[in-house]
Each structure stands twice: as structure tokens, then as C-alpha cells.
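Everything below concerns the one structure shown next.
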Amino acid sequence: MRPERFDSWLTVDGRGLYCRPGGFHIDPYHGAKRAVITHGHSDHARPGHEHVLATAETLAVMQTRLGTVATRGTQAVKYREKLQIGEVTVTLVPAGHVLGSAQVLIEWKGARVVVSGDYKRSADPTCPGFELLPCHLFITEATFALPVFQHGNAHEEVAKLLKSRAQFPERAHVVGVYNLGKCQRLIAVLREAGYERPIYLHGALQECCSLYETFGVRLGPLKPATGTAREEMKGEIVLAPPTAIADRWSRRLPEPVTAFASGWMRIRARARQQGIELPLVISDHADWNELTATIAETGAEEVWVTHGREDALLHHIQSTGRKGRALALIGREDEDQ
Ligand SMILES: [Zn+2]
Ligand SMILES: [Zn+2]
């Protein structure tokens, strides 16, 4: 029988979620003594911790993006490797979100807690798929936690992009993508669809692509968009950060068709507002159906909900007989959506 309530040993302090019997924070805000990091997005992986434990991929992402990982030491952990930290056992298991992303399984006195970080259930050729872990307490994200959010099938969305390209051979297609994860996933799905032409990249995207390649993700021929002649980019696919597609940067492209790969593109008004001609509903987060199915499949009796639209998901959780709680964590506005 489990002796203690979860919130007596998993607490939220000024640095974020803290596991008392393990003596570590998970994805802390800043300056933790010991941090376990689920993945490299900036709302989870922050600088300034003394010791950081994560997958080798996440450590490399942090090194690339932050220029530093920890002030004292790092520990790279393999998926499914069981570690004793203080009184608890910690295991990192694939979350299917981005390269290196992990759920953190914490076991203590017979209780199993899963901190899922960000996750998705749909296929992604750039990282191992989400693994379902039965647990008593499941801590879930809620980025797209409204029934209206139903992400597309990435291959079908990419087929729309390729169809538009065939229709407008004189125009460039510029696709807004987040720099860590979405960019590489879109490229990999294009390659799976048999597209082998060079893909042109905004300079801000190059570094993360190289990092993925270092870890064996095949991205095929990539070329810098900057410095390439306008003529050469006719009929080509160009990837850029979302902020660059609407600004001066994209004026260098021949009559660009503007696209954006994001879960937000399900909301047509939002796409129109942003001047997106070709919305592609591709997300690295779980959509409503994935969130509710995952919660049910874990068998968790209690669910804590972090960043996002908690209300609808909490209502759903309670209506299925589970205990739900909104976890107020600072600094959780998702970088990638
Ligand atoms: Zn993330
Ligand atoms: Zn996040």
C-alpha cells in the first residue's frame, strides 16, 4: 500500500516540480542543484543548473542552443536505463516529441509516477515513438487540450504541400517551422514521401538540422536559402522560422506561397490572420484525442496537468472518475506548437 499522497513528495517550488525523496527537479526554471530534463525546448531546458541528467541527445541540444548545459556536471542516460537517485528509481522512456525527448518514470515505495514532458503519439521518423507506461500518477501537458484540436496525418499534410508545389512551379513554397523538431520532422516526412530535391533553409535552422544528422537522422540534401539566387528557388521548398515567413526575409523568394506547419493551423481564422495560404496541421504535441486516450491507457488514478488549456482536460479527467489537478508552473509557454 502506498503510504503517502503524491503531493507530499512531489511538490512545486520556485524552481518548478521537485521530487523530494530523489532530491531533484524536473525541467526546472533556473538554478536547480540537480535537474532532470525531459527535452531541449526552451520552456523545459533552461541554463544555470548545477547537475543535469538527460538523454545524450537532449544534452547535445542544450549544448548547441544554450552554449552550456550545467555549471558542475552532466549525466547522459540511455532510454530504459534504471537509475537510483536518492530513494527513488528513475527511468527515461521515449516521449515521441523531438530528438532525445523523454518521459520520466519515478518509482518510490510502490508508487509509479510518469512526468511526460511534451509528447505525441503519431509517427515521427526523427525520434523513437512514445511508449505507454502504466502508472498511478500521470503528469501531462495540455498544449492542444481542446476537442477542436485534431492534428492531421503528417503524410497527408505533406502531400498537400507537394500538390501545391506541382500546381505552382514558378513559385517558391516557404514553410514556417519551429527550429527544433518540426523542421527536421517535416524534412524527414518529405523524404519518406520520395521528395529528394534540395530543401532550402533559413540560416537559423541549420544548426539543429546538423545536430539531428549527427545522431543519424537522414535529412537528405539541404542548402542555405541566404545567398541563393532568386531564380534557383523557383518551384523549391524553403523552410524558415515562423517569424521570418511574413517579414522582409521572404521577399527574396520568387512569389512565395506561404505555409505554416503547426497544430494551430486547425484554426482557419488564425491561419488567415497570419496570412498563411497553405496551413499544414502538423504538430509535435498530442491533440485532444491523443491526450484523452493516453490518460485512459496509463490507468492513472490521478492526473496533473501542466502548461496550456487545463480547464477542458481537467473537466474530462474528473468526468472519467480520476483525480485531476492543474499544476501551476512558471515559464511554460510552449516554444514549439
Ligand atoms: Zn516541447
Ligand atoms: Zn513544453
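Each ligand, and each atom within it, is numbered from 1 in the order the structure gives. Numbering of residues begins at 1 and proceeds along the displayed sequence.
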Atom nearest to the Zn ion (ligand 2) - D43, N, O or S atoms considered: OD2
Considering only N, O or S atoms, which atom of D118 is nearest to the Zn ion (ligand 2)? OD2
State which residues pass salt bridge (charged side-chain N to carboxylate O under 4.0 Å, His left out) with R218; sequence neighbours excluded, sorted by chain then number. E196
Carboxylate-amine/guanidinium proximity below 4.0 Å for E107 and K82: yes
With no hydrogens and no angle check, do the side chains of D27 and H44 hold a donor and an acceptor under 3.5 Å apart? yes
Return yes when at least one N/O/S atom of H41 is nearer than 2.8 Å to the Zn ion (ligand 1), and no when none is. yes
Indicate if the distance from the Zn ion (ligand 1) to the nearest N, O or S atom of H285 falls below 2.8 Å. no
Under 3.5 Å, side-chain donor or acceptor atoms of residues 251-259 against the rest of the protein: list the pairs with distances, not counting sequence neighbours.
unit_1: R252; atom_1: NE; unit_2: W249; atom_2: O; d: 2.9
unit_1: T258; atom_1: OG1; unit_2: G275; atom_2: O; d: 2.9
unit_1: T258; atom_1: OG1; unit_2: E277; atom_2: N; d: 3.4

